[in-house]
Number of protein chains: 2
Amino acid sequence: MTTTNEPPVTGQRLDAAPQHPDIGAIELAGVLHALSDPIRLRIVAELAAGGERSCSSFELPVVKSTCTHHFRVLRGAGVIRTRLQGKTRLNSLRRADLERRFPGLLDAVLSAAVSAD
Amino acid sequence: MTTTNEPPVTGQRLDAAPQHPDIGAIELAGVLHALSDPIRLRIVAELAAGGERSCSSFELPVVKSTCTHHFRVLRGAGVIRTRLQGKTRLNSLRRADLERRFPGLLDAVLSAAVSAD
DNA sequence: CTATCAGTTCGATACTCATCGTACTAACTC
DNA sequence: GAGTTAGTACGATGAGTATCGAACTGATAG
């Protein structure tokens, strides 16, 4: 595919590793906004139970591209970390980072999510 | 003003007391969304310090109508309570209610708001 | 009664966002 | 190489929302 009649993309590379904010760059409003969506709250709650999960292991009521969107929001807010492994992306909660930045916040949200279930 | 040439409004009354959700009706996603705006976060943080405050006692960088909007969002989410007194509205945090519904959540957000300040 | 004050209501506007479908890509399998 | 798999990229769309200004209201002060 080096000879398509379209010019090569000048933007960011597709296979670039996913970007995660530095601990200090994690903003409270951003985290709260990321957690204020029911689907993302569900992702975070399930992620809190286990270790690393691929995107497709969640049975979410949305199509793939919407799924990508939600994981990107969570990643951009600093809530989850995404690691490339072969053809899948493994997602995990940034528990330690969030705990250092906003002590008690994630636990409070998680137990609230359970009780509101 | 009882004889304007316009028919009387059929909608809700203007002076109706502000509506607050029942404790059980407070939703986690709603609370997180309400707190995910910097202006509202600031209102809540200032409200956490003292008792009752009128809307205008906050020096917010927005006009009055926008102010009304933010207080309505907070009220609708169950975060604050608004009480009519004369010509002002006195707002207070629903600390006890929130603590019962989502233990530790508000405190975690408040201390996070301070540390992120 | 008139004026002021505190706040709401009502558009209007611009921006964000959750969703989808289609096309694409990169790794893996056959 | 041809398919399959697990996503991402890219519009497009519709819903929500943060903002403003102007008009209004209800209580109080003069």
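The basis for the numbers below is simple: all heavy atoms, side chains too, and nothing from hydrogens, waters or symmetry mates. The structure displayed is predicted, hence computed values, not measured ones. Per chain, numbering begins at 1; letters A, B, ... match sequence-line order.
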Could you tell me whether A/Arg42 sits above the aromatic face of A/Phe58, with NZ or CZ closer than 6.0 angstrom to the six-membered ring centre and within 45 degrees of the axis?
->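 No, A/Arg42 and A/Phe58 do not form such a contact.
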Table please: side-chain donor-acceptor pairs of residues 60-67 of chain A below 3.5 Å, with sequence neighbours left out.
none

By nearest-nucleotide position on DNA chain C, the 5'-leaning member of A/His33 and A/Gln85 is A/His33
Can you measure [X] atom [atom1] to [N] atom [atom2] for me and round it to whole angstrom units?
| X | N | atom1 | atom2 | answer |
| --- | --- | --- | --- | --- |
| B/Lys87 | C/dC5 | NZ | C1' | 4 Å |
| B/Gln19 | C/dT9 | CD | P | 11 Å |
| B/Ile80 | C/dG7 | CD1 | C1' | 13 Å |
| B/Leu35 | D/dA18 | CG | P | 12 Å |
| A/Leu84 | D/dT8 | CG | C1' | 11 Å |
| A/Arg83 | D/dA6 | CZ | P | 17 Å |
| A/Glu52 | D/dG7 | CD | P | 13 Å |

So what does A/Arg75 touch, heavy atoms closer than 4.0 Å: a base, only the sugar-phosphate, or nothing?
-> sugar-phosphate
Spell out, as yes or no, whether a donor-acceptor pair under 3.5 Å connects the side chain of A/Arg94 to the backbone of A/Leu98.
-> no
Would a distance-only check, ignoring hydrogens and angles, find a side-chain to backbone donor-acceptor pair under 3.5 Å from A/His20 to A/Arg75?
->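 Here the side-chain-to-backbone pair does not exist.
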Which nucleotide, D/dT19, C/dA27, C/dG7, lies nearest any side-chain atom of B/Ile39?
-> D/dT19
Taking only residues two or more places apart in sequence or in another chain, which ones pass salt bridge (Lys or Arg N to Asp or Glu O under 4.0 Å) with B/Arg95?
-> B/Asp107
Ordered by number, residues from residues 58-74 of chain A within less than 4.0 Å of DNA chain C (heavy atoms) are A/Val62, A/Val63, A/Ser65, A/Thr66, A/His69, A/His70
Going by atom types alone, do A/His70 and A/Arg40 pair a side-chain donor with an acceptor below 3.5 Å?
-> yes
